[in-house]
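The basis for the numbers below is simple: all heavy atoms, side chains too, and nothing from hydrogens, waters or symmetry mates. Because the structure is predicted, anything quoted here is derived from the model rather than measured.
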Protein chains: 2
Amino acid sequence: MIKFNLCSNNIVDINYSNTEIKIKDAAKSLFLKKGYSATTTRDIARESDINLAMLNYYFRSKRRLFEIIMFETLYEFLSKMVEVYNDEKTSLEQKLKLCSEKYIDMIIADPLLPTFVLNELKNNPTSFLKMPTTKMIMKSNFVAQYQEGVKKGIYRKVDPIHFVTNVLSVIVFPFMCSPIIMKIENLSKKDFNMMMTERKKLIPAWIIQMIKK
Amino acid sequence: MIKFNLCSNNIVDINYSNTEIKIKDAAKSLFLKKGYSATTTRDIARESDINLAMLNYYFRSKRRLFEIIMFETLYEFLSKMVEVYNDEKTSLEQKLKLCSEKYIDMIIADPLLPTFVLNELKNNPTSFLKMPTTKMIMKSNFVAQYQEGVKKGIYRKVDPIHFVTNVLSVIVFPFMCSPIIMKIENLSKKDFNMMMTERKKLIPAWIIQMIKK
DNA sequence: TTTTTTATTAATCATTTGTTTAGTTCATAT
DNA sequence: ATATGAACTAAACAAATGATTAATAAAAAA
């Protein structure tokens, strides 16, 4: 059985044993729901239906198990994000549309992810440094296309970081407020997801209006 | 000494003892920085320089201390927010400007607040129900003015919840990403705050462009 | 002053929690 | 078939943690 290595670049084709997967799945689910500190090793053992000692047998410590999960989650998340950004074949407006659709679908499928990532990142920003895809965003085709539009006089000029930030803000933030939005609007989870689905079409239009001269 | 009461509406003029304040201040600072579970009662005792038993003497339990702090923090936060929304004398565009300025200043002064509120709310959305100001937002003058503009044909029509969500998104979300933004843009804390200050002027313009026909 | 209430302290309790150990079962290779 | 190492288990350990207690000091009321 091959031990996982944080520095490795291909995580996909590693031979995990059955129990190892069970532990990781349960741990990820619990870490996402309750955060690192509120999750106990016994919680994880119970949820994954394995013996407590197996956690340390496979992952040495709770901390290390968490870091592995954090790395894999970040990696998967960022990979999916960068995919759209760097497509040479699509226009900026198409990318905006694809972004909205893809990210919103992604978060609907895994709604606890943004809060988890941002929250645990606050305590440990170093884990982000290790991600090769991080710095790539600002050098992506997406940003380049925006700057081209500025040069052509089609788009208003503003530091690209503002542009990228705004796109992510209107996509991601509503999910982090879902308890509040659902409360004040009296929405069920299904209603809320419909509202988010609505935004897939609205967001690209909003962003274009924001930047267009 | 008057015991704090969660149902009371005026929290401002209660007579707290010296130690009580010291405990609350330390606890709030720690809860904001590390969250509920990662903060121990001994952390709080050390930070506030009081005897461990004083925490239970004044607040009965860690949980109750947390709930009091949560309530007061939420109350203060929401009060400040609603202030701008319901001013009858200002126009929508002025409100947008005031919003951006006030909220951004507020969060620069207390940058851990949004993540803390949203994160702990996820685990316990009920505490939000108790806040009288919550539901008021959608019935505020701010929303009414937007809907008026729609009727007049000045603004594009969209469910007001989207409008409010967007405004808050572009204001608040960047702060929650501050570790990421600082990392990929190589910014110091000072640089980052300058970037946020820049946004005070940009956001109102963006929002107007978003909704204007 | 004396009495009574309030505030504070050090020590202790009972659980919880992360981790380890010593022993057992199971699978595989020789 | 047997030897060897990996996978698994029940039990236990040590430290941490939320909470309480019994005793004392300080303040307020009588």
### Summary
With sugar-phosphate taken as primed atoms, P, OP1 and OP2 and all else as base, the protein-contact string of nucleotides 17-24 of chain D at under 4.0 Å (heavy atoms; B, S, -) is BBBBB---
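Put simply, CE on A:Met54 is 17 Å from P on C:dG18, counting in whole angstrom units. Going from atom CD1 of A:Ile50 over to atom C1' of C:dG18 covers 13 Å, rounded to whole Å. Rounded to an integer number of Å, the gap from CG of B:Asp43 to P of D:dA15 is 19 Å. Rounding to whole angstrom units, CZ of residue B:Arg46 and C1' of D:dA16 are separated by 12 Å. Atom-to-atom, CG of A:Asn18 to P of D:dA6 comes out at 19 Å; the value is rounded to the nearest Å.
Here B:Lys80 pairs with B:Glu76 under the salt bridge (Lys or Arg N to Asp or Glu O under 4.0 Å) rule; sequence neighbours left out. Residues that satisfy the salt bridge (Lys or Arg N to Asp or Glu O under 4.0 Å) test with B:Lys200, not counting sequence neighbours, are B:Asp105. With sequence neighbours excluded, the residues that form a salt bridge (Lys or Arg N to Asp or Glu O under 4.0 Å) with B:Glu83 are B:Lys102.
A side-chain contact (heavy atoms from CB on, under 4.5 Å) with A:Phe31 is found for exactly one of A:Lys62, A:Met70, A:Glu120, namely A:Lys62.
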Hey, can you pull the donor-acceptor pairs under 3.5 Å for the side chains in residues 32-39 of chain A, sequence neighbours left out?
from	atom 1	to	atom 2	distance (Å)
A:Lys34	NZ	A:Asp43	OD2	3.1
A:Thr39	OG1	A:Leu30	O	3.4
A:Thr39	OG1	A:Gly35	O	2.7

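Residue pairs that meet the ring pair (Phe, Tyr, Trp, His ring centres under 6.0 Å) test with at least one member in residues 169-202 of chain B, sequence neighbours left out, are B:Phe175-B:Phe192.
Residue A:Thr19 places at least one side-chain N or O under 4.0 Å from the OP1 or OP2 atom of D:dC8.
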